[in-house]
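Read the structure below first, then the notes.
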Amino acid sequence: MKGTNIKKEKRERRKKRIRSRVFGTATKPRLSVFKSNRYISVQVIDDANSKTLLASHSKDIKSGTLLEKSKAVGVDIAKKALAKKISEVVFDRGGFKYVGCVKEVADGARSGGLTF
């Protein structure tokens, strides 16, 4: 039924709007964030070739709150990206608001050495 889940519809609208502007290439891939209630995952994607280059997930980190795990995921993806000689990315928050866990991922990635 349309209109039953307003939050989800708003997120989908924001996601469409963001994705119409954000595009990852081989030299400057897209850093995509997905957040659920329990986990957060991040991917580095080359949209030109439709390839996922790197990924990191909060399931790999054992201890801490989701906020602490989010920062660690950001640092981890930055470390992996720098190992593959990727230093610049385009940030795609996936329709999520830029607060809390999404912001921590971005801060972690920046402190790990990525620029966006």
Side-chain angles (χ1 to χ4, degrees):
M1 280 176 34
K2 190 107 172 127
T4 55
N5 196 343
I6 301 298
K7 257 185 164 177
K8 190 173 182 182
E9 288 176 11
K10 281 186 173 183
R11 182 174 108 44
E12 288 300 319
R13 254 186 268 143
R14 280 193 304 266
K15 185 178 178 181
K16 273 184 170 175
R17 188 170 56 240
I18 292 164
R19 288 289 287 122
S20 69
R21 296 180 180 100
V22 174
F23 187 80
T25 62
T27 56
K28 194 172 179 178
R30 176 169 55 99
L31 180 72
S32 177
V33 177
F34 177 76
K35 179 181 79 80
S36 71
N37 288 339
R38 292 180 63 193
Y39 302 109
I40 192 151
S41 63
V42 182
Q43 294 180 327
V44 175
I45 303 167
D46 175 10
D47 289 317
N49 297 321
S50 302
K51 297 271 187 211
T52 299
L53 306 174
L54 304 165
S56 185
H57 200 283
S58 63
K59 283 182 184 177
D60 303 334
I61 295 133
K62 298 297 175 203
S63 64
T65 64
L66 185 59
L67 213 57
E68 293 164 350
K69 287 180 183 181
S70 299
K71 182 122 182 164
V73 166
V75 171
D76 182 47
I77 200 74
K79 214 179 290 179
K80 288 178 181 178
L82 291 174
K84 282 204 165 189
K85 297 188 170 92
I86 298 169
S87 61
E88 203 170 354
V89 294
V90 179
F91 190 71
D92 174 16
R93 59 191 171 93
F96 299 103
K97 294 180 180 178
Y98 188 79
V99 294
C101 295
V102 177
K103 186 176 186 303
E104 286 299 313
V105 167
D107 291 343
R110 281 191 191 104
S111 68
L114 287 181
T115 56
F116 49 90

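For the single chain, residues carry numbers from 1 onward in sequence order.
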query = Do side-chain atoms of Arg93 reach the backbone of Lys103 as a donor and acceptor pair under 3.5 angstrom?
reply = no

With sequence neighbours excluded, tell me which residues meet side chain to side chain contact (heavy atoms under 4.5 Å, CB included) with [X].
X     : result
Thr25 : Phe23, Thr27, Lys28
Ala78 : Leu114
Thr65 : Leu67, Glu68

query = With the 4.5 Å side-chain cut-off for hydrophobic clustering, are Val105 and Ile18 part of the same group?
reply = no

message = If hydrophobic clusters are built from ILVMFWY residues whose side chains come within less than 4.5 Å, do Leu82 and Leu53 share one?
response = no

request  = Over all heavy atoms of both residues, which pair between Ala55 and Ile77 is shortest? Give the atoms and the distance, please.
outcome  =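 Looks like C-CD1, 3.8 Å.
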
query = Looking at residues at least two apart in the chain, or sitting in another chain, which of them share a side chain to side chain donor-acceptor pair (under 3.5 Å) with Arg110?
reply = Tyr98

key: Gap between atom SG of Cys101 and atom CD1 of Ile40 - 0.5 Å precision   = 5.0 Å

message = Just verifying a value: how many Å separate Ile61 CD1 and Leu66 CG, rounded to the nearest 0.5 Å?
response = 10.0 Å

query = With sequence neighbours left out, which residue pairs that include part of residues 37-52 fulfil the side chain to side chain donor-acceptor pair (under 3.5 Å) condition?
reply =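 Listed once each, the pairs are Arg30-Asp47, Asp46-Asn49.
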
Give the table of side-chain donor-acceptor pairs shorter than 3.5 Å for residues 83-91, with sequence neighbours excluded, one pair per line with atom names and distance.
none

query = In this structure, are over 12 heavy atoms from other groups packed under 6.0 Å from Lys15 atom NZ?
reply =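 No, because the 6.0 Å sphere around NZ of Lys15 holds 12 heavy atoms or fewer from other groups.
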
